[in-house]
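Only this structure's heavy atoms are used, side chains among them; waters, hydrogens and symmetry mates stay out.
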Amino acid sequence: MDIQKNTYALISFILIIVILYFGKSILTPIVGAFLAWFIIKEMLYYIDKIRFGKVKIPRFIQITLAFAIVFFALFFIGNILGHNAESIQRNLPKYQQNLNEILANNSLLQRFNINDFFLKNIEKINFASLVGTAINSLSSMFSSAVLVVLYLVFIFLESNTFKQKIDAIYSNADEQSKVENILNTIDFSLSKYLSLKTLTSALTGVLSFIVLSIIGVDFAVFWAFLIFLLNFIPNIGSMIATAFPAIMALVQSGNLVMPLVVLLGVGAVQLLVGNFIEPRLMGNSLNVSPLVVLIALVFWGWLWGIFGMIMSVPITNMIIIVCAQFKETKWIAVLLSSDGNLPKSKKRT
């Protein structure tokens with residue numbers, strides 16, 4: 001009997017992976033809409049606390065304001081990507097020339113005798129193609145923005161009936177309570193994580209923009225947005241986010257001084273926010289094992305690319321919360337957790 005159950009579980013797992021992989025184009029906008037829904041819910045939570053005397057903002061205006069912020073953000077991001085893609089493509093010949101001069105003439109490279117290797121292989125690298133691929137990867141994340149917004153509207157329309165649907169599906173009061181506890185805990189945990197992560201990533205992006213502007217790096221707004229986005233990727237996101245503007249400084253200046261200053265400046269911002277500010281704000285809000293985070297990062301990155309990397313931690317946290325509620329899967333939650341302490345039922349007040 002156990003063999004049969006294990007076989008069914010294995011087949012179900014493989015089937016889910018196949019659906020996730022081949023259904024990427026359909027599933028990612030839906031997941032993105034739920035992500036936006038969590039963020040808007042968090043905005044509404046804080047907007048609802050605003051008072052003008054004893055009068056609070058009407059609910060309709062609250063929702064309109066939250067959606068307006070989302071639309072403005074998407075519009076702003078689209079403009080950044082479009083404008084900077086054209087500008088980078090226009091300046092590629094100059095950047096290529098500067099890079100070739102560095103590889104050919106820099107005494108530091110010659111001292112270590114590594115410039116010959118690069119000069120022999122530099123012609124094999126199509127930098128225009130690499131830059132285009134990087135920009136297209138970002139653009140593809142927002143190409144389905146209209147579809148995400150459409151899903152988001154319907155999620156909001158349906159959200160008021162979630163409770164009634166759960167009651168209709170589960171007639172037993174204990175089952176209803178268990179499902180509600182799962183949903184409330186997921187809502188509380190992810191809302192807190194996403195709001196604080198968005199805040200710290202935005203702070204990192206703004207401070208990095210100031211640093212890059214002072215140094216004089218081209219397209220500082222674009223790199224600051226990229227830093228903001230990549231900081232949602234655990235472990236490696238901050239390193240990649242620091243490397244991109246440093247490479248830009250290298251090909252822009254034609255020397256090694258400017259990229260070193262960028263690495264020090266942006267690296268200091270990442271260190272300040274990532275090691276001091278973010279831990280104090282977030283605490284241990286997501287009790288996920290560091291090893292599990294790394295495995296989830298690779299797994300979801302393979303499945304859904306950059307978007308999967310960004311969503312790897314929230315998805316893993318949801319799996320822990322759900323598995324912790326059932327005796328048969330509790331061991332999975334314990335293994336995935338950081339210290340074996342499973343999340344308790346929580347609800348936003």
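For the pair Val273 and Thr200, the tightest heavy-atom approach, listed with the atom from each and the gap, is CG1-O, 3.6 Å. Shortest non-hydrogen contact noted between Ser253 and Ala249 is OG-O, 2.7 Å.
Between Val266 and Trp223, every side-chain heavy-atom pair lies at or beyond the 4.5 Å cut-off. Proximity of Lys165 to Glu158: side-chain heavy atoms (C-beta onward) are separated by under 4.5 Å at one or more points. Put simply, the side chain of Ile295 does not reach to within 4.5 Å of the side chain of Trp300, judged on heavy atoms. Considering only heavy atoms from C-beta on, Lys56 stays 4.5 Å or farther from Lys49 through its side chain. Residues Leu335 and Val292 form no side-chain contact, since every pair of their non-hydrogen atoms from C-beta on lies 4.5 Å or further apart. Between Leu336 and Ile332, the closest side-chain pair of non-hydrogen atoms falls below 4.5 Å. Put simply, the side chain of Leu263 does not reach to within 4.5 Å of the side chain of Pro259, judged on heavy atoms.
No side-chain donor-acceptor contact under 3.5 Å links Asn231 and Ser238.
Using the six-membered ring where Trp is involved, Trp37 and Phe34 have ring planes that are perpendicular, over 60° apart on the 30 and 60° scheme.
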Practice prompt. Carefully, step by step, assess Met258 and Leu250 under the rule side chain to side chain contact (heavy atoms under 4.5 Å, CB included).
Written response: CA-CA 7 Å; Met258 192 174 185; Leu250 175 68; over 6 Å; no
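Checked against the 6.0 Å centroid criterion, the rings of Phe156 and Phe67 qualify as a close aromatic pair. Taking the six-membered ring where the residue is Trp, the centroids of Tyr21 and Trp302 are separated by under 6.0 Å.
Although no hydrogens or angles enter the test, the distance criterion places no donor-acceptor pair under 3.5 Å between the side chain of Asp48 and the main chain of Leu44. A donor-acceptor contact shorter than 3.5 Å is absent between the side chain of Glu42 and the backbone of Tyr193.
For the atom pair OG (Ser337) and CD1 (Ile321), the distance works out to 12.0 Å, reported to the nearest 0.5 Å. The distance from the CZ atom of Phe38 to the CE atom of Met43 is 14.0 Å, given to the nearest 0.5 Å. A distance of 11.0 Å separates OG in Ser25 from CH2 in Trp304, rounded to the nearest 0.5 Å. Rounding to the nearest 0.5 Å gives a distance of 5.0 Å between CE of Met311 and CG of Leu35. For the atom pair Ile227 CD1 and Phe222 CZ, the distance stands at 10.5 Å (nearest 0.5 Å). Note: Ile233 CD1 to Met239 CE = 11.0 Å, rounded to the nearest 0.5 Å.
Around CD1 of Ile26, the count of heavy atoms belonging to other residues, nucleotides or ligands within 6.0 Å does not exceed 12.
Follow the hydrophobic side-chain contacts under 4.5 Å out from Val18 and you never reach Ile11; the two are in separate clusters.
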